[in-house]
Amino acid sequence: MNRFVFSAMVAAAALLGTPAAYAQQIVIKFSHVVAPDTPKGKGADKFKELAEKYTAGKVKVEIYPNSQLYKDKEEMEALQLGAVQMLAPSLAKFGPLGARAFEVFDLPYIFPDKDVLQKVTQGEVGKKLFEKLEPKGIKGLAYWDNGFKIMSANTPLVKPTDFQGLKMRIQSSKVLEAQFRALGALPQVMAFSEVYQAMQTGVVDGSENTPSNMYTQKHYEVQKYALVTNHGYIGYAVIVNKSFWDGLPADTRAQLEKAMAEATVYANSISQTENDDALAEMKKSGRIAIRVPTPEETAAFRKALEPVYGEMASRIGQDTIDMVLKETKAAGH
Ligand code: LMR
């Protein structure tokens, strides 16, 4: 047999031998902006593992971490256009889409702990917020935790006035903007992937983020001080392109829903440890001084940030804020 005939046979066999299931394989591109080694990154990997298992390979999930495909703002557009099928943007990133009620999650000190937070996301508020996404061609599948935010800068941070005049990177959120203005700082909206370099070159003086994000983005290498304020929250909505999702065969969709439910339990179960470990690692590095505020210092921050509620009430919707506060009260806070 000459080489040409042999190659032709190999090619034909490859074509004929393609199982029907493989030919119809459904691909879900899941893009995100953080490192794989974070609560969101690990949740995404877990979803991939379970989705491929429960659909017996009919669905292939491709994970694109670290803003490899898109930066913050672009990924939302890509989902709406159908260039990617799944994302898990932080809740702060839905305000610019017009779903302003999501900005309730950005209010300083709104959640006393994760229990209240989870009551909110798993309950009526969480459901209502997802309904607001449907007219935008987006379907919300789950809420994933990251954790509470801490502050960092290159000058010591102890009290609210220490923020005076500091350029602080924020996600694109009017509430976060108001928060830093209330401290006399200069908020700068910037994509997550650009923060390290902005810190290194002095384009910003500091930022707020969760320890897991600060650690995996190496912010502690270019920031001298951190203050464990736990003043705000970062969590995610796992979302899909609605027409893609609705167009899936019903049995496949059910298998993916099961995978998502289990990946959610997993992601939420590791988020606290991931953040605790990241904080410990940053401390261990000796490159950043990490301070925990005293109760009096925390009270000073709460007081300085209180006006943000009044300023933002009409934007977010007082009804949404009240629903969250009701859960806080019901939990005995
Ligand atoms: C940020 O932009 O700081 C975060 O939302 C990144 C993320 O997805 O955790």
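Source: prediction; values computed, not measured. Keep in mind that the numbers below use all heavy atoms, side chains included, and drop hydrogens, waters and symmetry copies. Every number for a ligand or one of its atoms is a count from 1 in the order of the listing.
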Peer 1: So does Gly147 get a backbone contact from the side chain of Asp145, meaning a donor-acceptor N/O pair under 3.5 Å?
Peer 2: no

Peer 1: Does the pair Arg291/Asp162 count as a salt bridge with the N-to-O cut at 4.0 Å?
Peer 2: no

Peer 1: Checking Asp277 now: which residues fulfil side chain to side chain donor-acceptor pair (under 3.5 Å) with it, not counting sequence neighbours?
Peer 2: none

Peer 1: Anything with a heavy atom under 4.0 Å from ligand 1 counts, so go ahead and list those protein residues by chain and number.
Peer 2: Val33, Val34, Lys40, Asp72, Ser90, Lys93, Arg169, Gln171, Phe192, Asn209, Asn213, Tyr236

Peer 1: Got a salt bridge between Glu134 and Lys139, using NZ or NE/NH1/NH2 to carboxylate O under 4.0 Å?
Peer 2: yes

Peer 1: What pairs meet the ring pair (Phe, Tyr, Trp, His ring centres under 6.0 Å) rule with one or both residues in residues 289-333, with sequence neighbours excluded?
Peer 2: Phe163-Phe301

Peer 1: Going by side-chain hydrogen bond (donor to acceptor under 3.5 Å, both in side chains), name the pairs with one or both residues in residues 179-188, residues two or more places apart or in two chains.
Peer 2: Gln179-Glu208

